There are 2 protein chains.
Amino acid sequence: MHSERVASRSAEPRDPRDSREPRNGSPQPDAVSLAIIEQLQEDGRRPYAAIGKAVGLSEAAVRQRVQKLLDQGVMQIVAVTDPLTVGFRRQAMVGINADGDLEPVADALTAMPEVEYVVMTAGSFDILAEIVCEDDDHLLDVINKRIRVLPGVRSTESFVYLKLKKQTYMWGTR
Amino acid sequence: MHSERVASRSAEPRDPRDSREPRNGSPQPDAVSLAIIEQLQEDGRRPYAAIGKAVGLSEAAVRQRVQKLLDQGVMQIVAVTDPLTVGFRRQAMVGINADGDLEPVADALTAMPEVEYVVMTAGSFDILAEIVCEDDDHLLDVINKRIRVLPGVRSTESFVYLKLKKQTYMWGTR
DNA sequence: TCCCAGTCTGCGGATTTCGCAGTTATGGGA
DNA sequence: TCCCATAACTGCGAAATCCGCAGACTGGGA
């Protein structure tokens with residue numbers, strides 16, 4: 001039954017456009033690793049043997065690949081919740097405009113524990129940051145006293161969450 | 001096998017104001033369950049026995065509570081990645097303004113596989129939606145042909161992702 | 001007081017994880 | 001082309017974990 005071995009490594013094209021991605025040294029996962037990630041996006045606790053059966057590898061091989069993906073930071077296996085249902089009362093997306101290099105601003109945001117998500121964007125905001133707080137006072141404090149005073153920050157605009165409708169991590173499976 | 005459940009939580013079928021819930025089924029997990037969630041936010045594969053030691057319960061009790069949290073849709077255990085590092089080339093946040101009831105618009109967005117995140121907000125956008133696509137054409141198609149034509153949608157504004165700086169799921173631990 | 005539903009504990013048996021040694025494939029370099 | 005170093009995969013036994021179940025405990029409500 002080895003007639004159909006999955007092209008496991010560099011035998012496969014691995015996408016011609018991946019020439020630039022030298023950023024953090026984390027290479028593009030190949031097709032098999034993507035399949036493993038998909039399995040774990042469906043159920044983060046799925047046994048390695050079951051994953052192996054699905055992607056055509058032995059249990060040990062899956063285990064080694066998962067460990068490598070975790071070590072490289074390509075993937076994390078975690079519990080996710082809707083913060084609004086577990087005690088956090090105020091959540092907001094904040095659009096930020098800043099002068100000059102955005103990196104220091106983004107790094108400062110990243111360092112804040114209330115900030116869960118930071119992304120640099122093209123468009124009328126330079127940075128989007130998602131904030132999770134316990135109440136209005138807390139939220140106001142973070143935005144007003146900690147974000148708006150960061151060097152370079154020119155303006156902010158806040159979008160307070162009213163209801164989370166969808167939160168998926170299964171983009172690979174469609 | 002494992003619990004194949006977990007998946008079908010996207011549309012949030014539960015009404016937040018539902019009246020009948022015995023005790024623990026409430027939208028507010030108790031302190032012990034929150035502690036369990038925190039453990040699993042650090043490592044989604046942490047053994048039940050280790051969690052039990054950390055929160056002061058037996059292995060079996062932890063297992064039962066985790067299963068209930070999963071069944072209730074309070075929490076999911078999944079693999080998360082930065083889509084930009086695993087093959088998806090274009091990602092964007094889209095701010096949407098619409099007329100009248102926003103629910104149908106939000107539901108339509110929720111039904112789209114490229115839409116990973118939908119939240120109704122207060123502020124100059126009514127809805128924020130995060131979109132994951134394979135390339136520019138795909139992204140344009142989703143925004144232009146599928147979102148902007150939804151009944152009630154008045155306008156959209158897109159923020160294309162340049163670099164994801166932070167993505168955390170450990171708000172509980174601080 | 002009795003009953004009931006919900007939760008916890010303890011405990012085997014089944015399953016999974018883990019570490020390791022051996023084998024195979026890949027990519028250069030001489 | 002040959003050969004070696006590295007990386008990846010497999011198989012397997014031991015240890016750890018998961019899982020289902022039965023019994024005990026608890027806090028209301030009738």
Side-chain angles (χ1 to χ4, degrees), chain A residues 1-16 18-19 22 25-37 39-40 42-79, chain B residues 1-6 14 18-37 39-40 42-79 86:
Chain A
M1 68 152 55
H2 282 259
S3 51
E4 197 218 357
R5 280 188 45 74
V6 179
S8 50
R9 241 180 331 295
S10 42
E12 67 150 1
R14 136 182 292 188
D15 199 324
D18 72 348
S19 45
S26 58
Q28 268 271 24
D30 62 25
V32 178
S33 289
L34 288 181
I36 293 174
I37 292 175
Q39 293 287 316
L40 291 169
E42 290 178 19
D43 177 2
R45 276 183 170 255
R46 185 164 295 168
Y48 296 133
I51 298 172
K53 205 165 299 176
V55 307
L57 280 184
S58 68
E59 177 268 343
V62 172
R63 178 154 39 91
Q64 290 161 12
R65 279 178 178 254
V66 168
Q67 194 55 53
K68 176 176 279 190
L69 289 170
L70 294 174
D71 290 342
Q72 288 176 160
V74 173
M75 150 185 100
Q76 332 170 230
I77 300 177
V78 295
Chain B
M1 281 291 161
H2 250 290
S3 60
E4 292 291 321
R5 290 286 38 190
V6 165
R14 191 201 346 280
D18 71 344
S19 41
R20 47 183 344 281
E21 12 85 352
R23 209 165 120 248
N24 198 358
S26 70
Q28 260 290 23
D30 63 24
V32 178
S33 288
L34 287 180
I36 292 174
I37 292 175
Q39 294 286 317
L40 290 170
E42 291 178 19
D43 176 3
R45 275 184 171 255
R46 185 163 297 168
Y48 296 133
I51 298 173
K53 206 164 300 177
V55 306
L57 280 183
S58 69
E59 177 266 347
V62 172
R63 178 155 39 88
Q64 289 162 11
R65 291 177 88 119
V66 168
Q67 194 55 54
K68 175 173 280 189
L69 290 169
L70 295 173
D71 289 342
Q72 289 176 161
V74 174
M75 147 184 104
Q76 326 170 235
I77 300 177
V78 295
V86 289

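Protein chains get the first letters and strands the later ones, always in sequence-line order, with residue 1 at the start of each. All figures in this text were calculated on a predicted structure; none of them were measured in a lab.
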(message) The criterion is side chain to side chain contact (heavy atoms under 4.5 Å, CB included); which residues satisfy it with A/Ala54, sequence neighbours excluded?
(response)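 If we apply the side chain to side chain contact (heavy atoms under 4.5 Å, CB included) test to A/Ala54, skipping adjacent residues, the hits are A/Gln39.
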
(request) Tell me, please, which residues at least two apart from B/Ala61 pass side chain to side chain contact (heavy atoms under 4.5 Å, CB included). (result)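 Side chain to side chain contact (heavy atoms under 4.5 Å, CB included) list for B/Ala61, sorted by chain: B/Leu57, B/Ser58.
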
(request) Report the distance from atom CE of A/Met75 to atom CG of A/Leu70, rounding to the nearest 0.5 Å. (result)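 A/Met75 CE to A/Leu70 CG: 4.5 Å, rounded to 0.5 Å.
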
(request) Can you measure from CZ (B/Arg65) to OH (B/Tyr48) and round to the nearest 0.5 angstrom? (result)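 The OH atom of B/Tyr48 is 14.0 Å from CZ of B/Arg65, to the nearest 0.5 Å.
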
(request) Quickly, which of B/Val55, B/Val62, B/Val74, B/Leu69 forms a side chain to side chain contact (heavy atoms under 4.5 Å, CB included) with B/Ser33? Name it, please. (result)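 Running side chain to side chain contact (heavy atoms under 4.5 Å, CB included) over B/Val55, B/Val62, B/Val74, B/Leu69 with B/Ser33 returns exactly one hit, B/Leu69.
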
(request) Sort and list the pairs that fulfil salt bridge (charged side-chain N to carboxylate O under 4.0 Å, His left out) and have at least one residue in residues 66-76 of chain A, not counting sequence neighbours. (result) none

Expected rows: protein N/O vs nucleotides 17-21 of chain C N/O, under 3.5 Å:
unit_1	atom_1	unit_2	atom_2	d
C/dT17	OP1	B/Arg45	NH1	3.2
C/dT17	OP2	A/Tyr48	N	2.9
C/dG19	N7	A/Arg63	NH1	3.2
C/dG19	O6	A/Arg63	NH2	3.1

(request) Kindly indicate whether the side chain of A/Arg45, heavy atoms from C-beta on, has any atom under 4.5 Å from the side chain of A/Ile77. (result) no

To the nearest Å, give me how far apart [atom1] ([X]) and [atom2] ([N]) are.
{"X": "B/Gln72", "N": "C/dT7", "atom1": "CD", "atom2": "C1'", "value": "14 Å"}
{"X": "B/Ile51", "N": "D/dC19", "atom1": "CD1", "atom2": "P", "value": "12 Å"}
{"X": "A/Leu57", "N": "D/dA7", "atom1": "CG", "atom2": "P", "value": "18 Å"}

(request) Measure the angle between the two terminal helix axes of the helix from C/dT1-D/dA30 to C/dA30-D/dT1, five base pairs each, and quote it to 10°. (result)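 Inter-axis angle at the termini of the helix from C/dT1-D/dA30 to C/dA30-D/dT1: 30°.
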
(message) On the nucleotide C/dG6, are OP1 or OP2 found under 4.0 Å from the side-chain N or O atoms that B/Lys68 carries?
(response)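 Result: no.
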
(request) For B/Glu59, enumerate each residue passing the side chain to side chain donor-acceptor pair (under 3.5 Å) test, keeping only those at least two apart in sequence or located in another chain. (result)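 So B/Glu59 forms a side chain to side chain donor-acceptor pair (under 3.5 Å) with B/Arg63.
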
